[in-house]
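Data first, discussion second: the structure below is written as structure tokens.
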2 protein chains.
Amino acid sequence: MSAIADVARLAGVSKSTASRALSGNGYVSGATRSRVQSAAADIGYIPSSIASSLATGLTRNVGVVIPFVNRWFFAEVLEGIESALISAGYDLTLYRLHDDTARRQHIFDYLLRRKRVDAVVVVGISLNPLEVGSLTALGKPIVGIGGEIPAISTVSIDDASASRFLTDHLVSLGHTRIMHLGGDQHEQMDFAVHTQRLAGFRQALATAGLSHPGDFRAVAYSIPGGYAGALAVLSDPSSRPTAIVAGCDEIAIGVILAARQLGIAVPAQLSVVGIDGHALAEMFGLTTLEQHPTEQGQRAVQLILDRLGPHTGAVPNERITMPVDFVVRRSSTAPPRAE
Amino acid sequence: MSAIADVARLAGVSKSTASRALSGNGYVSGATRSRVQSAAADIGYIPSSIASSLATGLTRNVGVVIPFVNRWFFAEVLEGIESALISAGYDLTLYRLHDDTARRQHIFDYLLRRKRVDAVVVVGISLNPLEVGSLTALGKPIVGIGGEIPAISTVSIDDASASRFLTDHLVSLGHTRIMHLGGDQHEQMDFAVHTQRLAGFRQALATAGLSHPGDFRAVAYSIPGGYAGALAVLSDPSSRPTAIVAGCDEIAIGVILAARQLGIAVPAQLSVVGIDGHALAEMFGLTTLEQHPTEQGQRAVQLILDRLGPHTGAVPNERITMPVDFVVRRSSTAPPRAE
DNA sequence: TCGCAATGAGGAACCGGTTCCACTGCATCA
DNA sequence: TGATGCAGTGGAACCGGTTCCTCATTGCGA
């Protein structure tokens, strides 16, 4: 006996009227509505969202595909997505993308296509045309965060200009030997963040006429990664850079720790800048370009909701570039020491 | 026209036979089965999990209620839960618990009771009897991680003996002025982790006859929290402790950074121990008691699956205490300097 | 040779909602 | 005053699977 039928019988109305009274769709008199509502309250009726989904074809659930949850950027994005979805009355189903190809395919070919989700947000990964097509063919909106993906809407910062801007900043302070410690191009989940940041860095160097071999070193995208990379790069005083553009704040913090370890004064002997706005940046006095991942997540959800809303025609894809904030903290950037 | 009906028509069988052939339940001849399977493959049939859930009453989805995803412990636990669920063919729906009471109630009274989840894992929060009752009344298994909750199964480490053990270790090295920098009792989501760790610490002090006022300082559960707390505690050389038991590795790392800042040698002048096994512990040479949150998450899922499996009678509740590993890293613990 | 069990398959009910359609009053308008 | 229309309601179909029940074969043991 379906639960709503119980409510209906208790209120002395038909199932259809009970449904209308509770959902607010269609004509129901005020008296009937309140009778149904109090009947529902009496027996503690909670509608089955499964049954409702089957009938309407809407799950009010959004799938989130994300490679990590234990990294700063991803965790922040996820929180933004979650809060925006919950506020809109949507659930969030989490699919963590492993580097395992078979699992990835399983997510896109099967898990996301079972009518469990109304839309998909992918974070920090690029999608190939097959993956995009497989979802758009089902009419499911997709939004990407963290980079540009052809044929779908994306939310991201401009990675190339971010690193270009930071490099320009160091150049303007008078630095001439500037290095980039960034993510490993191969480690990136076939996404272009690391490549973009490196490209922006090199553009800035080239413009300033400061290009040099050995301008880049790939490191793990973490504090220990930056630490290890910096130990290697800074240990030889003759070739040591006077400034480092880190691929992210965690790398930058690793660099600062390594410099302290080696007795290199920051910023007197070494300037360091990061990208992110990590919670630890302030404590380390790190000059950084803050991106706001939580807001990126929220913005992505907004795009999703626009596309799930009452269909006022197809909503065109958007490529949204989120603003960043340059936060100068004097303890990590300074002009190079005169030699 | 339901999709499985299409498959059935294409294969020249009835809907029921098609369902049996694809799901493997009931008698179907080998010839019929392969005819149905190839028909399904031909039209790219993917069953609607919504419809299946409605028919069977099983969603193959587990709700996870968690207060943070951007903190080490919680992120690690979540990864463990996710991987275990996916391996078992379950989905994960994420509900982040805000400190907002109304939202919390909404999750337990409504979101988790709509037949969307088969079971619930709660991480790092205590449940009151109403919340437990509201879910168990629906026959939904619940498992808690991170502390003990009456009437349900839980997975956690023994927090009191963890801090007692670490304190004993410092005592055995000869320290007599030992402090605990731990989480704020009020900040904890009405869970007892902080209280337990403080209690274990004080038991050990008492046993060693080293109890003293001002043995504890509440700090934020983070690196900046430990840093700020340690700056305050260590700045007065006359009252300075020779050893600190941190409530977690992040606090411990903050302490180490503060000590460096103040020119206090670690471990020569100050020993520091943490609890967690954080990714940064090794880099900072931190002696710690490693817990393995990922495994805790996996273990919790295992308990859930035991309770969702073929009902071989009710499975009794279990209170599982997970093992911890003591990792001594010489750079953060040493005997106190003779004075 | 008969009877019963196991196998194989179809029809229909069912899961619990939503919504289309038909019908009844009653007010409105020409 | 009769046509029109809308508020209000119930019945039934429907969403897309699963499963119970029925029935027809076939095989096997007694």
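In what follows, chains carry the letters A, B, and so on, assigned in the order in which the sequence lines appear, proteins first and then strands, with residues in each chain numbered from 1.
- Listed nucleotides C:dG16, D:dT18, C:dA9 differ in distance to A:Leu54; the shortest reach to its side chain belongs to C:dG16.
- A residue-by-residue look at B:Ile46 and A:Gly12 shows that A:Gly12 has its nearest nucleotide of DNA chain D further toward the 5' end.
- Taking atom CZ of B:Arg113 as the reference point, atom C1' of C:dG16 lies 17 Å away to the nearest angstrom.
- Ion pairing between A:Lys15 and A:Asp6 fails under the 4.0 Å rule for side-chain N and carboxylate O.
- For the OP1/OP2 pair of D:dT9 and a distance below 4.0 Å, the side-chain nitrogens and oxygens of A:Ser16 include no atom meeting the criterion.
- No hydrogens or angles were tested; on distance alone, a donor-acceptor pair under 3.5 Å links the side chain of B:Arg20 to the base of C:dG10.
- Atom CZ in A:Arg9 sits about 14 Å away from atom P in D:dG10, given to the nearest Å.
- If B:Leu22 and A:Arg33 are placed on DNA chain D by their nearest nucleotide, the residue sitting closer to the 5' end is A:Arg33.
- With distances taken from any side-chain atom of A:Val28 to the nucleotides D:dT19, D:dG17, D:dT9, the minimum falls on D:dT9.
- A donor and an acceptor atom sit less than 3.5 Å apart, one in the side chain of B:Lys15 and one in the base of D:dG17.
- A:Ser48 has no side-chain polar atom (N or O) that falls below the 4.0 Å cut-off from OP1 or OP2 of C:dG16.
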Given salt bridge (charged side-chain N to carboxylate O under 4.0 Å, His left out), test B:Asp91 with A:Arg114 step by step and report yes or no. CA-CA 12 Å; B:Asp91 279 3; A:Arg114 296 167 304 165; 2.7 Å; yes
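- Picking from C:dT18, D:dT9, D:dG17 the nucleotide with the shortest atom distance to the side chain of A:Ser29 gives D:dT9.
- One finds a side-chain N or O of B:Asn25 lying less than 4.0 angstrom from the OP1 or OP2 phosphate oxygen of D:dT19.
- A:Ser14 has a side-chain polar atom (N or O) that falls below the 4.0 Å cut-off from OP1 or OP2 of D:dG10.
- Residues B:Ser83 and B:Gln298 are in side-chain contact: their nearest non-hydrogen atoms beyond the backbone lie under 4.5 Å apart.
- Looking at heavy atoms from C-beta onward, B:Val65 lies in side-chain contact with B:Phe108 at the 4.5 angstrom threshold.
- Taking atom CG on A:Leu58 and atom C1' on D:dC15, their separation rounds to 12 Å, with Å as the unit.
- Remark: A:Ser53 is not in phosphate contact with C:dG17, judged by side-chain N or O atoms under 4.0 Å from OP1 or OP2.
- A:Ser19 comes within 4.0 angstrom of a base, heavy atoms only.
- Between the side chains of B:Asp118 and B:Tyr90, no donor-acceptor pair is found at a separation under 3.5 Å.
- The side chain of A:Tyr45 places an N or O atom within less than 4.0 Å of a non-bridging phosphate oxygen (OP1 or OP2) of C:dG17.
- Across all strands shown, A:Thr32 has heavy atoms under 4.0 Å from sugar-phosphate atoms exclusively, and none from any base.
- Contact check, B:Tyr27 against C:dG8: no side-chain N or O comes under 4.0 Å of OP1 or OP2.
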